Participant: 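After the structure tokens below, expect a handful of questions from me.
Values in this document were obtained by computation on a predicted structure and should not be read as measured data. For reference, positions follow the sequence shown, starting with 1. All ligand and atom numbering here is 1-based and tracks the order in the structure.
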Amino acid sequence: MEEGAELVVEARAPGKVILSGEHAVVHGTAAVAAALGLYSTARIRHRPLSPGTEEFLVLELPQLNVHVTWSLKMIEEILDPPSLQYPNPLVVKECSDSDMTRLGSFVVKQLSWGAPKGTVAAVTTFLFLYTSILGLQPITVRVTSDLPVGAGLGSSAAYCVCLAAALLDLAATFDSPTQAITTPKEQGSQKLADTGNWHDVDEKNLELVNKWAFEGERIIHGRPSGIDNTVSSYGYVVRFKQGELMRLHSPMPLRMLLTNTNVGRNTKALVAGVGERALRHPAAMAAIFKAIDGIAEEVVSILLSPSNPGLDSDDEHEHKDEARSWQQLPDECLPKSDIASVVRTKEEAKLEELVEMNQGLLQCIGVSHVSIEAICQITAAFKLQSKLTGAGGGGCVLTLLPKQMSSTYVEVVKVDLEGQGFSCFEAAIGGHGVQVRQELNPDGGDE
Ligand SMILES: Nc1ncnc2c1ncn2[C@@H]1O[C@H](COP(=O)(O)OP(=O)(O)O)[C@@H](O)[C@H]1O
Ligand SMILES: C[C@@](O)(CCOP(=O)(O)O)CC(=O)O
Ligand SMILES: [Mg+2]
């Protein structure tokens, strides 16, 4: 690398929705999840300094209000883990209990007094991944996200995946400038300021990114199943069971409305709560997990069903005309029953029933919330089925939308939900996983 030049590496990783199987998946059952078209992005800037100049590590997490600068000497003196001398990006290691305690107490002292637990976990996770993958290198890291943090859409996994990918890409570039984790010929001089230039991570490195991200998730979650980091790394729609990933190439387009209860919650506490309930009532909880497993497997077979026809274009056309005529009417003239009677395919109707059953079982294991139940009731009045997604206890709820439901009808449902203080959005489902890009600024790239 030219003296004075600045290397910028970016990685972006998607959030996810769990269609079926959250919580039970931690206890070994199947779950189905899809990547969401909302991303967390880690941007790392590295500029080698002349010998004798003091070097720094800068971490910026604007969503958590974290802006910290550490001298590398101080990190070396205080942390002194052997990995600092011998970081090895190719050998994934666990954050041991003693490392966790040492890093955690360092972080608590560095952050302003009373920083929330989530902030301590995020910075501890960063320091673990940074020291293990890269060792002491002077870099500035900034992580931003389109995802709501702590709302069930996998922001913690996207955070770990984008950090792991960016650190691995930088480590590989240091090792050999042509060995970055995307295909070398695709690396190049294009400017990051452009909207594109993102490159998929190759299969071998995806596994590495995913494994490091899982270790990060363990720091934030305590006992993650691995589904969130897996779908964030690999993208698309996946079935996940006991650490095994199966990519689902489903012919069925998934359409859903996401509603944020705006009730904050914490995955670690909810997962621990379910574990405690399972210890108190082992037989009953095992039966519920088995039922959730059955639901997830049925969702998989519906998604893979070749008889999944979607709708033919004539039907769709007819429906659009109907939607247009509704658009001219004031909202109060849209009776709920008309929305309720929107035609479903056989597969859509089955999926809706499974969503309803899954939500009931999630309530049984103690992870629903009055705000979640309120959303389920509002959408049920339109004969739409909803369930919590992710850890629950607040956070987001997904509502299945039949393919034939017009956007005008969706707007009507949103009015009812938003009128109760909830926030609704639609996002692309089943897109790509983690991606990386690089840029070399010969002039030092001061920002
Ligand atoms: N953009 C981000 N910046 C910093 N930390 C983040 C970011 N996104 C997620 N996190 C970490 O993940 C935690 C939220 O994870 P979690 O409770 O699992 O909810 P979810 O994964 O559903 O959003 C935050 O408290 C923080 O520790
Ligand atoms: C509850 C769980 O199934 C999903 C948690 O997702 P999230 O952190 O709420 O986005 C936990 C896990 O699988 O690791
Ligand atoms: Mg999470």
Participant: Say whether G154 and ligand 1 are in contact under the criterion: heavy-atom distance to a ligand atom below 4.0 Å.
Facilitator: yes
Participant: Side chain or backbone of R265 under 4.0 Å from ligand 2, or both, or neither, by non-hydrogen atoms?
Facilitator: side chain
Participant: With a cut-off of 4.0 Å, which atoms of ligand 2 are near a heavy atom of V25?
Facilitator: 3 (O), 13 (O)
Participant: With a cut-off of 2.8 Å, does S156 place any N/O/S atom under that distance from the Mg ion (ligand 3)?
Facilitator: yes
Participant: Stepwise, does the side-chain contact (heavy atoms from CB on, under 4.5 Å) test hold for R47 with L7?
Facilitator: CA-CA 6 Å; R47 183 164 30 170; L7 177 63; over 6 Å; no
Participant: Please lay out, stage by stage, how Q359 and S368 fare under the test side-chain hydrogen bond (donor to acceptor under 3.5 Å, both in side chains).
Facilitator: CA-CA 8 Å; Q359 171 58 27; S368 193; 3.2 Å; yes
Participant: Short N/O distance, under 3.5 Å, between S155 and ligand 1?
Facilitator: yes
Participant: What residue and atom, counting heavy atoms only, is the protein's closest point to atom 4 (C) of ligand 1, and at what distance?
Facilitator: L64 CD1, 3.4 Å
Participant: Looking at ligand 2, does any of its N/O atoms fall within less than 3.5 Å of an N/O of D228?
Facilitator: yes
Participant: Should one rank P116, G150, C160 by closest heavy-atom distance to atom 19 (O) of ligand 1, which comes out on top?
Facilitator: G150
Participant: For E203, is there an ion pair with R247 - N to carboxylate O distance below 4.0 angstrom?
Facilitator: yes
Participant: Are side-chain heavy atoms of Y39 and W198 found at a separation under 4.5 Å?
Facilitator: no
Participant: Among all protein non-hydrogen atoms, which one is nearest to atom 4 (C) of ligand 2, and what is the separation to 0.1 Å?
Facilitator: I18 CD1, 3.8 Å
Participant: If the cut-off is 4.0 Å to any non-hydrogen atom of G154, which atoms of ligand 2 fall inside it?
Facilitator: 10 (O)
Participant: At less than 4.0 angstrom from any non-hydrogen atom of T267, what atoms of ligand 2 do you find?
Facilitator: 5 (C), 7 (P), 8 (O), 9 (O)
Participant: Regarding ligand 2, does G390 bring an N or O atom to under 3.5 Å of one of the ligand's N or O atoms?
Facilitator: no
Participant: Which one of L361, I292, V271 satisfies the side-chain contact (heavy atoms from CB on, under 4.5 Å) criterion with H23?
Facilitator: V271
Participant: Number the atoms of ligand 2 from 1 as they appear, then name those within less than 4.0 Å of a heavy atom of P224, with their elements.
Facilitator: 14 (O)
Participant: So which heavy atom in the protein is nearest atom 12 (C) of ligand 2, and how far is it from that ligand atom?
Facilitator: S225 OG, 3.4 Å
Participant: Would you find a donor on one side and an acceptor on the other, under 3.5 Å apart, between the side chain of T131 and the backbone of L127?
Facilitator: yes
Participant: Quick one, V25 and K241 - any side-chain contact, counting heavy atoms below 4.5 Å?
Facilitator: no
Participant: Check ligand 1 against H221 and write out every atom of the ligand that is under 4.0 Å from a heavy-atom position of the residue.
Facilitator: 18 (O)
Participant: Should the ring pair H27 and F289 be called parallel, tilted or perpendicular, given that the plane angle runs from 0 to 90° and is split at 30 and 60?
Facilitator: parallel
Participant: Got a donor-acceptor contact below 3.5 angstrom from the S20 side chain to the A31 backbone?
Facilitator: no
Participant: Can a donor-acceptor pair be found between the side chains of N229 and E217 at a distance below 3.5 Å?
Facilitator: no
Participant: Among side-chain atoms of T267 and R265, is any donor-acceptor pair under 3.5 angstrom?
Facilitator: yes
Participant: Show me which atoms of ligand 2 lie under 4.0 Å from any heavy atom of I227.
Facilitator: 13 (O)
Participant: Within ligand 2, which atoms have a heavy atom of E22 less than 4.0 Å away?
Facilitator: 3 (O)
Participant: K16 to ligand 2: N or O pair under 3.5 Å?
Facilitator: yes
Participant: Would you say G152 has any N or O atom under 3.5 Å from an N or O of ligand 1, going by distance alone?
Facilitator: yes
Participant: Can you figure out which of S40, A269, S156 has its heavy atom closest to atom 15 (O) of ligand 1?
Facilitator: S156
Participant: Answer with yes or no whether the side chains of H221 and S156 bring together a donor and an acceptor at under 3.5 Å.
Facilitator: yes
Participant: For S155, is at least one N or O under 3.5 Å away from an N or O on ligand 2?
Facilitator: no
Participant: For ligand 2, which atoms have a heavy atom of H221 less than 4.0 angstrom away?
Facilitator: 8 (O), 14 (O)
Participant: Looking only at distances, please establish whether an N/O atom of ligand 1 is found under 3.5 Å from an N/O atom of T267.
Facilitator: yes
Participant: Please test S386 against T379 for side-chain hydrogen bond (donor to acceptor under 3.5 Å, both in side chains), starting from the C-alpha separation and ending with a verdict.
Facilitator: CA-CA 7 Å; S386 305; T379 60; 2.7 Å; yes
Participant: Consider ligand 2: state whether an atom of it lies below 4.0 angstrom from any non-hydrogen atom of E217.
Facilitator: no
Participant: Tell me whether Q63 has any N or O atom under 3.5 angstrom from an N or O of ligand 1.
Facilitator: yes
Participant: Find out whether E348 and K403 are in side-chain contact, i.e. whether some heavy atom of one side chain is under 4.5 Å from a heavy atom of the other.
Facilitator: yes
Participant: Short N/O distance, under 3.5 Å, between G152 and ligand 2?
Facilitator: yes
Participant: Please answer whether the main-chain N or O of P89 pairs with a side-chain N or O of W212 as donor and acceptor at a distance below 3.5 Å.
Facilitator: yes
Participant: Taking the side chain as every heavy atom from C-beta outward, state whether L258 and E426 have any pair of such atoms under 4.5 Å apart.
Facilitator: no
Participant: What atoms of ligand 1 come within less than 4.0 Å of a heavy atom belonging to L153?
Facilitator: 22 (O)
Participant: Which atoms of ligand 1 are found less than 4.0 Å from any heavy atom of G118?
Facilitator: 25 (O), 26 (C), 27 (O)
Participant: How far is atom 11 (C) of ligand 2 from the closest protein heavy atom, and which atom is that?
Facilitator: V26 CG2, 3.7 Å
Participant: In the protein, what heavy atom is nearest to atom 2 (C) of ligand 2, and what distance, to one decimal place, separates them?
Facilitator: H23 N, 4.0 Å
Participant: For the residue pair V92 and F214, establish whether any side-chain heavy-atom pair is separated by less than 4.5 Å.
Facilitator: no
Participant: I'd like to know whether R102 forms a salt bridge (charged side-chain N to carboxylate O under 4.0 Å, His left out) with D99, so could you lay out the CA-CA distance, the side-chain angles of the two residues, the decisive distance to 0.1 Å, and finally the verdict.
Facilitator: CA-CA 5 Å; R102 195 166 35 80; D99 275 356; 2.3 Å; yes
Participant: Answer with yes or no whether A151 contacts ligand 1, where contact means a heavy atom under 4.0 Å from a ligand atom.
Facilitator: yes
Participant: Can you confirm, on distance only, whether ligand 2 has an N/O atom lying under 3.5 Å from any N/O atom belonging to A391?
Facilitator: yes
Participant: Report the nearest protein non-hydrogen atom to atom 2 (C) of ligand 1: residue, atom name, distance rounded to 0.1 Å.
Facilitator: Y159 CD1, 3.8 Å
Participant: Step by step, work out the salt bridge (charged side-chain N to carboxylate O under 4.0 Å, His left out) result for E54 and K73.
Facilitator: CA-CA 8 Å; E54 191 169 10; K73 230 192 195 127; over 6 Å; no
Participant: Using a strict 4.0 Å threshold on nitrogen-to-oxygen distance, state whether E411 and K414 make a salt bridge.
Facilitator: yes
Participant: Relative to the heavy atoms of R265, which atoms of ligand 1 are at a distance of less than 4.0 Å?
Facilitator: 17 (O), 19 (O), 22 (O)
Participant: Counting non-hydrogen protein atoms only, what is the nearest one to atom 24 (C) of ligand 1? Give residue, atom name and distance.
Facilitator: V149 CG1, 3.6 Å
Participant: Nearest protein heavy-atom contact for atom 11 (C) of ligand 1: which residue, which atom, what distance?
Facilitator: I220 CD1, 4.0 Å
Participant: I'd like to know whether CG of N65 has more than 12 heavy-atom contacts from other residues, nucleotides or ligands below 6.0 angstrom.
Facilitator: no
Participant: Below 4.0 angstrom from a heavy atom of S145, which ligand 1 atoms are there? Numbered from 1 as shown, please.
Facilitator: 1 (N)
